[in-house]
Amino acid sequence: MSTATTAGAKAIHTSESNIKDNMSLLKDDKAIKAASKATKVPEGQLKALIDSSEVNAALKSDKSLEFDISTFVWLNVGACLLILGMGSISFFASTLFNRSNQAMVLGAGLPFAFFLISMVIQQSDSLENLKYFSLTTLYKTDEILSNGDFGIPLLILGGIAAVLYGMSAGIFYKKDLPL
């Protein structure tokens, strides 16, 4: 493989260390032809060897990373609470209003507005105060990944979901349904 690396580096005018760092450079048409000529190995077989070496390098770097189960669990708990919170808004709107167009405006419009607000916040630092008007900012993935303070926002999300589902159940129980 070192002969192929040397020939490929000369063909594309780069250093061998550059190719060793990024083996996909060796797949360049000029580089693969030069490497095939120098090693007398067919181009297809060389591409397969390059792919294999890239996979092996990725696997070696992967083994050094540890999988943090608690972070994974908290990320999923947070995502679940965010979905429950958004769903509780929609469910509350559907039990509160008798007309579907009113329920859709609040039940679908408000969660959609929350997602739009979070996208706008990410685009501009000057609109940072909008984070107080969106539930999506309570799901703090950065805090979870860095083992920061994420418990209270998740409790708030869970509390919002519980209160709205509870209020929905109360409203639905008292409703006189025309059947």
Side-chain angles (χ1 to χ4, degrees), residues 1-90 104 107-131 133-151 153-154 157-158 161:
M1 203 62 179
S2 65
T3 305
T5 304
T6 304
K10 286 180 184 176
I12 59 173
H13 309 292
T14 188
S15 67
E16 288 182 51
S17 63
N18 207 10
I19 290 204
K20 286 179 184 176
D21 290 341
N22 187 2
M23 288 298 283
S24 62
L25 292 174
L26 199 53
K27 289 184 183 179
D28 181 76
D29 287 336
K30 290 180 184 177
I32 198 75
K33 284 180 184 176
S36 178
K37 185 177 179 183
T39 60
K40 296 182 173 79
V41 176
E43 290 180 24
Q45 197 173 359
L46 270 176
K47 287 181 180 179
L49 286 170
I50 293 166
D51 290 340
S52 176
S53 69
E54 287 178 324
V55 167
N56 286 333
L59 286 173
K60 284 180 185 175
S61 69
D62 239 10
K63 288 180 183 176
S64 65
L65 299 175
E66 288 186 30
F67 183 73
D68 188 6
I69 293 174
S70 67
T71 301
F72 177 74
V73 168
W74 281 114
L75 283 169
N76 284 300
V77 166
C80 180
L81 290 173
L82 180 63
I83 290 168
L84 283 172
M86 294 294 188
S88 69
I89 293 169
S90 300
M104 284 186 161
L110 199 55
F112 185 69
F114 289 156
F115 285 116
L116 283 178
I117 288 170
S118 65
M119 288 181 0
V120 167
I121 291 169
Q122 291 174 356
Q123 298 299 319
S124 175
D125 291 335
S126 64
L127 301 172
E128 187 74 24
N129 289 334
L130 285 177
K131 71 180 178 185
F133 297 104
S134 176
L135 284 184
T136 56
T137 56
L138 292 172
Y139 178 46
K140 301 181 179 215
T141 55
D142 294 340
E143 294 291 327
I144 294 171
L145 291 172
S146 66
N147 292 325
D149 185 27
F150 60 88
L154 291 184
L157 272 175

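If you read the sequence from its start, that first residue is 1, and numbering goes on from there.
Considering only residues two or more places apart in sequence or on other chains, D68 meets the salt bridge (Lys or Arg N to Asp or Glu O under 4.0 Å) condition with none of them. Residues satisfying the side chain to side chain contact (heavy atoms under 4.5 Å, CB included) criterion with A38, sequence neighbours excluded, are T3, A7. Contacts of S134 classified as side-chain hydrogen bond (donor to acceptor under 3.5 Å, both in side chains), with partners at least two apart in sequence or in another chain: T136. Every residue two or more places apart in sequence or in another chain that forms a side chain to side chain contact (heavy atoms under 4.5 Å, CB included) with D51 is listed here: K27, E54. Qualifying side chain to side chain contact (heavy atoms under 4.5 Å, CB included) partners for F133, counting only residues two or more places apart in sequence or in other chains: I117, L130.
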Give the table of side-chain donor-acceptor pairs shorter than 3.5 Å for residues 72-89, with sequence neighbours excluded, one pair per line with atom names and distance.
from	atom 1	to	atom 2	distance (Å)
N76	ND2	F72	O	2.9
S88	OG	L84	O	3.4
S88	OG	G85	O	2.6

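Looking at every heavy atom in both residues, L138 comes nearest to L157 through CB-CG, 3.8 Å.
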